[in-house]
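Notes follow once the structure below has been shown.
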Amino acid sequence: VQLQASGGGQVQAGGSLRLSCAASGRISRGSVMGWFRQAPGKEREFVAAINWNGDSTYYLDSVKGRFTISGDSAKNTVWLQMNSLKPEDTAVYYCAGAASYYYPPIGYDYWGQGTLVTVSS
């Protein structure tokens, strides 16, 4: 499965963006799909994940209440709706998938290319 992330851009603080991650093949029910980000000079960090087998969702504490991860099995697509964006959300965002029925997965097996999100103050 190959992943294609899109939807990044530049937005002012308080604004919104919706990231999309389209899979080239079918995302199996035994999958966990996630979003990660990497800010300049920082380590990559987990942002959000969704268990494809049940739709349970998981979030980084600092994005809870602002970001929403969702998915559509018919479209093999995962979205990250980002509201009330802050300058500290500026990063390259990556989507990833893991062959795992359970969360958290041991690791993520396939990654998309990043999409840049820039939030100005």
Side-chain angles (χ1 to χ4, degrees):
V1 176
Q2 293 184 330
L3 302 177
Q4 180 75 36
S6 61
Q10 187 166 356
V11 64
Q12 289 191 326
S16 298
L17 282 174
R18 189 191 197 201
L19 304 184
S20 297
C21 177
S24 61
R26 176 179 169 270
I27 300 174
S28 72
R29 287 187 60 80
S31 298
V32 172
M33 302 300 295
W35 286 95
F36 292 76
R37 68 186 180 187
Q38 187 166 20
K42 294 188 176 181
E43 296 287 321
R44 184 172 62 193
E45 67 176 352
F46 166 80
V47 176
I50 183 168
N51 192 330
W52 219 243
N53 181 29
D55 290 341
S56 297
T57 55
Y58 311 88
Y59 296 95
L60 176 69
D61 283 348
S62 62
V63 308
K64 285 180 181 177
R66 301 189 297 122
F67 291 11
T68 303
I69 188 171
S70 61
D72 186 327
S73 58
K75 296 181 179 179
N76 292 305
T77 301
V78 183
W79 295 278
L80 185 68
Q81 177 67 44
M82 305 186 295
N83 299 328
S84 302
L85 282 161
K86 304 175 181 180
E88 51 264 43
D89 295 319
T90 294
V92 177
Y93 284 71
Y94 300 88
C95 59
S100 175
Y101 278 95
Y102 306 106
Y103 183 86
I106 294 174
Y108 284 81
D109 304 297
Y110 44 97
W111 294 80
Q113 91 293 355
T115 185
L116 177 63
V117 172
T118 304
V119 184
S120 57
S121 57

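Sequential numbering from 1 along the given sequence is applied to the chain's residues.
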Quiz item: Can you name the closest pair of heavy atoms from V32 and A49 and give their distance?
Solution: CG1-CB, 4.1 Å

Quiz prompt | pair M33-W52: side-chain heavy atoms closer than 4.5 Å | solution = yes

Quiz item: Do you reckon L85 sits in the same ILVMFWY cluster as V47, going by side-chain contacts under 4.5 Å, direct or chained?
Solution: yes

Self-check item: Connected via hydrophobic side-chain network under 4.5 Å: L80 and V78
Solution: yes

Quiz item: Do W35 and F46 pass the ring pair (Phe, Tyr, Trp, His ring centres under 6.0 Å) test, and can you show the C-alpha distance, the side-chain angles, and the key distance before you say yes or no?
Solution: CA-CA 6 Å; W35 286 95; F46 166 80; over 10 Å; no

Quiz prompt | Side chain to side chain, P40 and K42, heavy atoms closer than 4.5 Å | solution = no

Quiz item: So which heavy atom on T90 is nearest to which on A39, and how close?
Solution: O-CB, 3.6 Å

Practice problem: Give a yes or no on whether Q2 atom CD has more than 12 heavy-atom contacts from other residues, nucleotides or ligands under 6.0 Å away. | Solution: no

Self-check item: Hydrophobic cluster membership, Y93 vs V63, 4.5 Å side-chain cutoff
Solution: yes

Counting only pairs under 3.5 Å, give me each side-chain donor-acceptor contact of residues 64-72, with atom names and distances, residues two or more places apart or in other chains.
unit_1 : atom_1 : unit_2 : atom_2 : d
K64    : NZ     : D61    : OD1    : 3.1
R66    : NE     : S62    : O      : 3.4
R66    : NH1    : S84    : O      : 2.9
R66    : NH1    : D89    : OD2    : 2.8
R66    : NH2    : S62    : O      : 3.0
R66    : NH2    : D89    : OD1    : 3.1
R66    : NH2    : D89    : OD2    : 3.4
D72    : OD1    : A74    : N      : 2.8
D72    : OD1    : K75    : N      : 3.3

Quiz item: So, does T118 use its side chain to make a donor-acceptor pair with the main chain of Q10 at under 3.5 Å?
Solution: no

Exercise. State, to 0.1 Å, how close V1 and G25 come at their nearest heavy-atom pair, and which atoms those are.
Key: CG1-N, 4.3 Å

Exercise. Determine, using the 4.5 Å side-chain heavy-atom cutoff (strictly less than), whether Y59 and V119 are members of one ILVMFWY cluster.
Key: yes

Quiz item: S31 and N51: which non-hydrogen atoms are nearest, and at how many Å?
Solution: O-OD1, 3.6 Å

Exercise. Output the distance between atom OH (Y94) and atom CZ (R37), rounded to the nearest 0.5 Å.
Key: 13.5 Å

Self-check item: Heavy-atom pair with the smallest gap, counting every atom of R26 and N76
Solution: CA-OD1, 3.2 Å

Contacts table for residues 97-109: side-chain donor-acceptor under 3.5 angstrom, sequence neighbours left out:
unit_1 : atom_1 : unit_2 : atom_2 : d
S100   : OG     : Y102   : N      : 3.1
S100   : OG     : Y102   : O      : 2.6
D109   : OD2    : A99    : N      : 2.6

Quiz prompt | 4.5 Å side-chain heavy-atom contact, L60 and E45 | solution = yes

Quiz item: Side-chain contact, heavy-atom cut-off 4.5 Å: V92 with T115?
Solution: no

Quiz item: Do R29 and N53 meet the criterion of a side-chain donor-acceptor pair at a distance under 3.5 Å?
Solution: yes

Quiz item: Going only through I, L, V, M, F, W and Y residues with side-chain contacts under 4.5 Å, is there a path from Y110 to L19?
Solution: yes

Quiz item: Side chains of Q81 and S16: does their closest heavy-atom pair fall under 4.5 Å?
Solution: yes

Quiz item: Counting only N and O atoms by type, is there a donor-acceptor contact under 3.5 Å from the side chain of Q113 to the main-chain atoms of A5?
Solution: yes

Quiz item: How many angstroms lie between atom CD1 of I27 and atom OG1 of T77, to the nearest 0.5 angstrom?
Solution: 7.0 Å

